[in-house]
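Everything below concerns the one structure shown next.
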Amino acid sequence: MRRARFDEVIVRRANLRTPFPPQFSARLAGHTVNAVSRRAKYLLLELSSGDTLVMHLGMSGDFRIEPAESVGEPGKHDHVIFRMSSGKAVVFNDVRRFGFMDLVPPGEAERHPALSVLGPEPLSTDFNAEFLARALKGRKTSLKAALLDQRVVAGLGNIYASEALHIARLSPRRRASSIATASGAPREAARHLVDAIKQVLTEAIERAAPNTANNYRGGRFRVYDREGERCRRRGCPGVIVRKTQAGRSTFYCPVCQK
DNA sequence: ACGAGAACCTGTTTGC
DNA sequence: TGCAAACAGGTTCTCG
């Protein structure tokens, strides 16, 4: 497969969460995509122009790929259409418009305000019990809210924050600082939590991978969206409850998560 | 300085 | 049935 070039970029609505940069379409047209990468929940496309296209799907965004010739009348929430030299059109659809697109000049991607504040990637060795304990030392917010803070760990979202806490048997309502000693050293809970985050994300990636036999692991989640249902931990008689923390739904088992 | 809550949007589900 | 409130997997701003 050859690297594809942007033949034409049609912006049907030039503001998602933030306004698009000036000359967005013109800066893309004629350039090829040299590399695709990811940082936290941001998608990064390195272009032959040297610019980096930074994108985020927000809550409801998605890309769909269709043959260019079959692109008909755009749907209501189709905001951007990338017509590629491959003959495909990549359509960005986003009902809630919490998505995000920006174009940053060469060498400035890491300094982008959205990216520069991010903590370590959860599956990297930089994300470990020592780091987490230091990051949460003295923080009075809840453990759950802290896990959603992208400066602490980048790319963990609401579902897997709840899931990881269940695996680690830690209550989402604990003080974040409780996983560290006063000097910022990790307690055992910090190691369990780091391990649980890595585990839950690794499993989720495996499950999502195409062409594997892992696709139909029944049951989906351990706690997320299971209010009122039995805890899945073996031997635990608990019932999953839902609580709002920092404006988001948290699901946990009050019996086995301490 | 920190943490909680609101705000940004639209669509769907839930409750009276 | 109908309408309003609550809720949705994210991020960022404001306010106390």
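The sequence lines fix the lettering, A, B, ..., with proteins before strands; numbering per chain opens at 1. Here the structure is a predicted model, which means the values were calculated and not measured.
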Open item on the list: Rounded to whole Å, please give me the gap between CG in A:Asp94 and C1' in C:dG10.
Closed with: 11 Å

TODO: Tell me whether the OP1 or OP2 atom of B:dG11 has a side-chain N or O from A:Arg96 closer than 4.0 Å.
DONE: no

- [ ] Kindly assign one of parallel, tilted or perpendicular to the pair A:Tyr224 and A:Phe251, based on the angle between their ring planes and the thresholds 30° and 60°.
- [x] perpendicular

- [ ] Look at A:Ser60 and B:dC9 and indicate whether a side-chain polar atom (N or O) is within less than 4.0 Å of OP1 or OP2.
- [x] no

Task: Distance, C1' atom - from B:dA6 to C:dA6, rounded to whole angstrom - done: 16 Å

Open item on the list: A quick test of your reading: do over 12 heavy atoms of other residues, nucleotides or ligands sit less than 6.0 Å from CZ of A:Arg12?
Closed with: yes

Open item on the list: Using OP1 and OP2 only, check whether a side-chain N or O of A:Gln150 sits under 4.0 Å from C:dT11.
Closed with: yes

- [ ] Indicate, with a heavy-atom threshold strictly under 4.0 Å, whether A:Arg139 touches base, sugar-phosphate, or nothing.
- [x] sugar-phosphate

TODO: Compare side-chain N and O positions of A:Arg242 against OP1 and OP2 of C:dC7 and report whether any pair is under 4.0 Å apart.
DONE: yes

Open item on the list: Would you say A:Lys140 places a side-chain N or O within less than 4.0 Å of OP1 or OP2 belonging to B:dG3?
Closed with: no

Task: A:Lys76 vs B:dG11: side-chain N/O to OP1/OP2 distance below 4.0 Å - done: yes

Task: Base paired to B:dA7 (Watson-Crick or G-U; both N/O distances under 3.5 angstrom) - done: C:dT11

Open item on the list: Under 4.0 Å, counting only non-hydrogen atoms across every strand here, what does A:Gly157 touch: a base, just sugar-phosphate, or nothing?
Closed with: sugar-phosphate

Task: Separation of B:dG5 P from A:Lys243 NZ (nearest whole Å) - done: 15 Å

Open item on the list: Tell me whether A:Glu188 at atom CD has more than 12 heavy atoms from other residues, nucleotides or ligands lying less than 6.0 Å away.
Closed with: no

Open item on the list: Is there a side-chain contact between A:Arg97 and the phosphate of B:dT10, meaning an N or O under 4.0 Å from OP1 or OP2?
Closed with: yes

Task: Proximity to the side chain of A:Arg13 - top-ranked nucleotide from B:dG3, C:dG9, B:dT10 - done: B:dT10

Task: side-chain N/O A:His56 vs C:dG10 OP1/OP2, d < 4.0 Å - done: no

Open item on the list: Would you measure the distance from the P atom in B:dA1 across to the matching atom in C:dT11 and give it in whole Å?
Closed with: 24 Å

Open item on the list: Is there a side-chain contact between A:Arg17 and the phosphate of C:dG10, meaning an N or O under 4.0 Å from OP1 or OP2?
Closed with: no

Open item on the list: Between A:His31 and A:Phe6 (judged by ring centroids, cut-off 6.0 Å), do the two rings come close enough to count as a pair?
Closed with: no

Task: Phosphate OP1/OP2 of C:dA8 contacted by A:Ser249 side-chain N/O (<4.0 Å) - done: yes

Open item on the list: Is the base of B:dC8 stacked against the aromatic ring of A:Phe98, taking ring centres under 5.5 Å apart and planes under 30° as the test?
Closed with: yes

TODO: Report the residue (A:Thr244 or A:Leu156) whose heavy-atom-nearest nucleotide on DNA chain C is the more 5′ of the two.
DONE: A:Thr244

TODO: Kindly check if the number of other-residue, nucleotide or ligand heavy atoms within 6.0 Å of CZ (A:Arg173) is above 12?
DONE: no

Open item on the list: Can you tell me which nucleotide in B:dG11, B:dC9, C:dG9 comes closest to the side chain of A:Met59?
Closed with: C:dG9

Open item on the list: Salt bridge check, A:Arg5 against A:Asp7: does any charged N sit closer than 4.0 Å to a carboxylate O?
Closed with: yes

Open item on the list: For B:dG11 and A:His77 - does any side-chain N or O of the residue sit under 4.0 Å from the phosphate oxygens OP1/OP2?
Closed with: yes

